[in-house]
Amino acid sequence: MQVFYHSTRDKTKQFTSSECILKGLSEEGGLFVTDAVDSIRFDFHDFIGKDYAAIAKSVFMKFFSDFSESQIDECVLHAYNTDNFETKEIFSLNTFEQYGYLELYTGRTIAFKDAALSVLPHFMKCAKENLGETRKIVILTATSGDTGKAALEGFRDAEGIDVVVFYPYGGVSKLQLLQMLTQEGNNVFSFALHGNFDDAQTNVKEIFNDNIFAEKLDHSGVMLSSANSINIGRLIPQIVYYYYSYAKLIEKNKIKPGDPVNFVVPTGNFGNILAGYYAYKTGLPVHKLICSSNENNVLTDFFETGIYDKNRVFRKTISPSMDILISSNLERFIYELCSKDTKLLSEKMKQLKESGVYSIDTAQKDFSLFCGGYATEQEIRDEIKESYEHDHYLIDTHTATGRKVYRDYRKKSGDETYTVILATASPFKFSKDVYAAIDEHPYSDDIEYMYALSRYTGLPLPKAVDQIERRPAKAESVIDSDQMREKIYDIITR
């Protein structure tokens, strides 16, 4: 079956997956979706006993129908291996009696973004071949901490591709910052932007929609693309680990084939949990998708009321990758809730831009698949401590929101469905706050806390951050939003 994509805001034009992967974002600002998701089906029985790469190949072959099988094989082979991930099985599923953790942090940047950003550069290479594209590609990415490093690492020294990352100044952890500043590669660049993540994301989207700037770049033989989860080449690979974890639960005798499963997903930009929704639509037996947030709880309120209202205080928290008030990928879900009516969806996105608020009809089956909750700063610390002392299992600040929201949900609903909590980052990525939750001894900086956490728990440091403070680091470059185009152009004409 040939699969085509179109914008959430315009169905009149159809695109291949190669075109979508290179474009990243539609010209009028919409996100690429495929209505074929209603007819694509996977039989989870086929995935039992299969390794991660085999499941990935099956998913990619269906969604990226203009790629040849040999191209998919090449992408999978280069992405999912022990050069990019610390474990042969790629991700581990650590199970307890009623719930388990899918450990999505064994890649080079010790965060779940590696699942997709290890393969996206290879998708782009194949997409360029399929389209005969000869222009240089500049990847623009806004990050709240994890995507930036994953994009820089994933595209490092990729031929014909430059990567430019914008992150909120003072809005990422010291280790996240150090990961970006110590990144090797002659084609990777990062800039701190005055403002928060939403400011960075909004400005990147505006650059994508700037036709005058696009023409200027085109004259220089350059086109823009994205490595954020707005790119379907980022989103589709995340479907894989939902099917993978379900197969693993069967193999571990935690569930029987066909049993429904809950997934708890810490998310700010909604891409991670949207992939779970696409897994559900393509045949995975999902009972509930539980969205966990921190004190920037705009998604919690949305799933309780059907009203999305970003007009609230933006809070910097100890789970910075979820410090987001404008969840870009939610637009793809709203498209579904609007019965795939692009005009109605466009009206709601216009309302969001002009007033910061829109609402949807909550009396729909797909909406009821979701529920949400959030954890305060103190609750996050308490969950880390409780998990370590009770389960002897160390979790990071983002995963801790998932544990808290899961326990609240189960207590309120009485739902005993087996539940997978997505562990989205290594606890060593946020060592200071994780350590402070389990021990009171003070240290001077994040790096000392990282080593102290390893000593205290007996857990080895991930290779990705061991001795990171000894690696050569670039100076942090801090700019205003009106300098972004200038910096991009300086890079392509260097």
Side-chain angles (χ1 to χ4, degrees), residues 18 21-24 53 67 71-86 90 106-111 113-143 145-167 175-192 204 217 220-228 231 233-234 237 462-468 470-477 487-494:
S18 293
I21 287 169
L22 291 190
K23 286 177 177 290
F67 281 49
Q71 285 179 320
I72 295 295
D73 283 336
E74 178 186 352
C75 292
V76 168
L77 176 68
H78 285 93
Y80 303 118
N81 54 56
T82 51
D83 287 335
N84 292 331
F85 294 89
E86 291 196 13
I90 306 302
T106 55
R108 290 187 175 185
T109 72
I110 56 177
K113 309 294 176 72
D114 292 320
L117 281 166
S118 62
V119 73
L120 181 59
H122 306 292
F123 285 160
M124 286 195 167
K125 176 185 175 184
C126 293
K128 287 186 72 174
E129 293 173 358
N130 291 342
L131 299 174
E133 179 60 67
T134 58
R135 286 177 294 176
K136 186 173 190 175
I137 296 175
V138 174
I139 305 289
L140 293 191
T141 294
T143 184
D146 288 337
T147 294
K149 168 60 179 179
L152 295 170
E153 177 63 38
F155 286 94
R156 177 186 60 176
D157 294 326
E159 185 177 350
I161 299 177
D162 284 339
V163 184
V164 187
V165 169
F166 298 100
Y167 60 91
L175 184 58
Q176 286 174 318
L177 177 61
L178 203 52
Q179 282 185 297
M180 288 188 279
L181 296 182
T182 57
Q183 177 62 54
E184 297 177 340
N186 295 321
N187 64 328
V188 293
F189 307 88
S190 60
F191 297 94
V204 165
L217 296 180
S220 298
V222 171
M223 68 174 291
L224 297 179
S225 189
S226 172
N228 282 86
N231 191 317
R234 260 284 310 275
K463 296 176 184 177
V465 293
D466 193 13
Q467 304 296 318
I468 191 172
R470 297 186 180 182
R471 302 172 193 174
K474 303 171 187 174
E476 186 174 25
S477 180
K487 293 297 182 183
I488 295 167
Y489 196 73
D490 286 347
I491 286 168
I492 68 172
T493 56
R494 68 188 187 280

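Hydrogens, waters and symmetry mates are skipped; everything else that's a heavy atom, side chains included, is used.
By the neighbour-count criterion of 12 heavy atoms within 6.0 Å, atom NZ of Lys474 is densely surrounded, having more than that number from other residues, nucleotides or ligands. More than 12 heavy atoms of other residues, nucleotides or ligands lie within 6.0 Å of CD in Gln467, so this atom counts as buried by the packing criterion. Heavy atoms from other residues, nucleotides or ligands lying under 6.0 Å from CZ of Arg494 number more than 12.
Nearest approach of Asn228 to Ser226, heavy atoms of both residues: N-OG, 3.0 Å. Here the closest heavy-atom approach between residue Val119 and residue Cys75 is recorded as CG2-O, 3.8 Å. Shortest non-hydrogen contact noted between Ser118 and Ala79 is O-CB, 3.5 Å.
Partners of Arg135 under the salt bridge (charged side-chain N to carboxylate O under 4.0 Å, His left out) rule, at least two apart in sequence or in another chain, are Glu133, Asp218. With sequence neighbours excluded, the residues satisfying ring pair (Phe, Tyr, Trp, His ring centres under 6.0 Å) with Phe191 are Phe166. With sequence neighbours excluded, no residue forms a side chain to side chain donor-acceptor pair (under 3.5 Å) with Tyr80. Residues meeting the side chain to side chain donor-acceptor pair (under 3.5 Å) test with Glu86, sequence neighbours left out: none. Glu184 is linked by a side chain to side chain donor-acceptor pair (under 3.5 Å) to nothing, counting only residues two or more places apart in sequence or in another chain. Shown here are the side chain to side chain contact (heavy atoms under 4.5 Å, CB included) partners of Ser18, two or more places apart in sequence or in another chain: Thr16, Asp66, Phe67, Ala127, Asn130, Leu131. Residues satisfying the salt bridge (charged side-chain N to carboxylate O under 4.0 Å, His left out) test with Lys136, not counting sequence neighbours, are Asp162. By the salt bridge (charged side-chain N to carboxylate O under 4.0 Å, His left out) test, Lys149 pairs with Glu153, sequence neighbours left out. Residues forming a side chain to side chain contact (heavy atoms under 4.5 Å, CB included) with Asn186 (at least two apart in sequence, or on another chain): Asp157. The side chain to side chain donor-acceptor pair (under 3.5 Å) test applied to Asn231 returns no partner, not counting sequence neighbours. The side chain to side chain contact (heavy atoms under 4.5 Å, CB included) test applied to Ile139 returns Met124, Ile137, Thr141, Phe155, Ile161, Val163, Ser225, Ala227, not counting sequence neighbours. With sequence neighbours left out, the salt bridge (charged side-chain N to carboxylate O under 4.0 Å, His left out) criterion links Lys125 to Glu74.
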Please assess Ser477 against Ser190 for the test side chain to side chain contact (heavy atoms under 4.5 Å, CB included), listing each intermediate value before the final yes or no.
CA-CA 7 Å; Ser477 180; Ser190 60; over 6 Å; no
Apply side chain to side chain contact (heavy atoms under 4.5 Å, CB included) to Met180 and Glu476, showing your working. CA-CA 9 Å; Met180 288 188 279; Glu476 186 174 25; over 6 Å; no
Practice problem: I would like to know whether Ile488 and Leu140 meet side chain to side chain contact (heavy atoms under 4.5 Å, CB included); could you show each step before the answer? | Solution: CA-CA 9 Å; Ile488 295 167; Leu140 293 191; 3.6 Å; yes
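Counting heavy atoms from C-beta outward, Phe85 and Asn81 have side chains that stay 4.5 Å or more apart. In this structure, Phe189 and Leu152 have side chains that are not in contact, with every pair of non-hydrogen atoms separated by 4.5 Å or more. Proximity of Leu217 to Val138: side-chain heavy atoms (C-beta onward) are nowhere separated by under 4.5 Å.
To the nearest 0.5 Å, the span separating CD1 on Ile468 from CD on Gln179 amounts to 5.0 Å. Distance CD1/Ile90 to CG/Asn84: 8.0 Å, rounded to 0.5 Å. Distance check: Thr134 OG1 to Met223 CE gives 10.5 Å after rounding to the nearest 0.5 Å. Atom-to-atom distance recorded for Ile110:CD1 and Arg108:CZ is 14.0 Å, nearest 0.5 angstrom. Atoms CG and NE2, on Leu77 and His122 in that order, are 9.0 Å from each other to the nearest 0.5 Å.
Looking at Thr147, its side chain never comes within 3.5 Å of a backbone N or O of Thr143 through a donor-acceptor pair.
Between the side chains of Asp114 and Thr109, at least one donor N or O sits under 3.5 Å from an acceptor N or O.
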